[in-house]
Amino acid sequence: YTAWRLEGMYQQNLPAGISFRVMDRYSRDQDRFDIGSFQPEDFIVDSGTLSVRSTPSQIRNYASNQAIFATSVETGERFSALINFINFTLDYEDDEDDWLDRTDNSLGLTLSYKYSPKTSFFLEYDRAVISYATDTGNDGENSFLYGGINWQGSAKTSLVAKGGYQLKQYDIENYEDSDTF
């Protein structure tokens, strides 16, 4: 078995404090997270007895691609903003694994305030839309709101503190939305 990854990035910095960045990562690999596990349809319940109709799942081969398009803007000496769009696709090789195929699209905005040469504060908002190819019951949207501080004490010492709130909303009414700090 051979796994491989191809990555590339291009960045253009303009004199007005605006930067554009495009990154892409394409991978061919295997899942190892559920080797030996069973799917619910692998079990047969008959007259109170439980039996198994298939062997445990094997390693799954997949291809994935993540493309990131980002623009950053420096407005003066204190403020900056970053806008990014991320597209992630996951495609499994075997037809029996189609329920895992998905596409995620995410849009994010980060605002930063440079308090001092060593300290900056930031506020970040991301919204992701998740779409499964066949298992649409897991389709939904995630929203993330973060705030934090970035401190660069020296070349060897730095600290990032980040806290936030997440909201997960499902497209199907049977699933209850969840949120957490």
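For clarity, every value in this text was computed on a predicted model and none was experimentally measured.
Between the side chain of R127 and the backbone N or O of S106, no donor-acceptor pair lies under 3.5 Å. Formation of a donor-acceptor pair under 3.5 Å by the K118 side chain with backbone atoms of G153 is found in this model. Formation of a donor-acceptor pair under 3.5 Å by the R78 side chain with backbone atoms of K114 is found in this model.
For the pairing with R60, the salt bridge (Lys or Arg N to Asp or Glu O under 4.0 Å) check across D94, D97, D29 returns one residue only, D97.
The CG atom of N84 sits 7.0 Å away from the CD1 atom of I68 when rounded to the nearest 0.5 Å. To the nearest 0.5 angstrom, F122 atom CZ is 10.0 Å from Y146 atom OH. Note that the OG atom of S64 and the CG atom of D101 stand 11.5 Å from one another [nearest 0.5 Å]. In this structure, S120 OG and N150 CG are separated by 4.5 Å, a value rounded to the nearest 0.5 Å.
Between Y132 and L100, every side-chain heavy-atom pair lies at or beyond the 4.5 Å cut-off. In this structure, I130 and K168 have side chains that are in contact, with non-hydrogen atoms separated by less than 4.5 Å. In this structure the side chain of T119 reaches within 4.5 angstrom of the side chain of I149, judged on heavy atoms. Residues N105 and I86 are not in side-chain contact: their nearest non-hydrogen atoms beyond the backbone lie 4.5 Å or more apart. Two residues are said to be in side-chain contact when any heavy atoms from C-beta on lie closer than 4.5 Å; T103 and N87 meet this criterion.
Annotation: Y92 is not in aromatic contact with W99 [ring centroid separation under 6.0 Å not met].
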| request: I would like to know whether K162 and E124 meet salt bridge (Lys or Arg N to Asp or Glu O under 4.0 Å); could you show each step before the answer? | output: CA-CA 10 Å; K162 183 177 183 179; E124 180 179 340; 3.5 Å; yes
| query | For R28 and E93, what are the C-alpha separation, side-chain angles and deciding distance, and is it a side chain to side chain contact (heavy atoms under 4.5 Å, CB included)? | reply | CA-CA 10 Å; R28 298 275 305 168; E93 201 172 276; 2.9 Å; yes
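For the residue pair N65/D24, the side-chain donor-acceptor check at 3.5 Å is satisfied. There is a side-chain donor-acceptor pair under 3.5 Å between N13 and S19.
Residues forming a ring-ring contact (aromatic ring centres under 6.0 Å, His included) with Y113 (at least two apart in sequence, or on another chain): F79.
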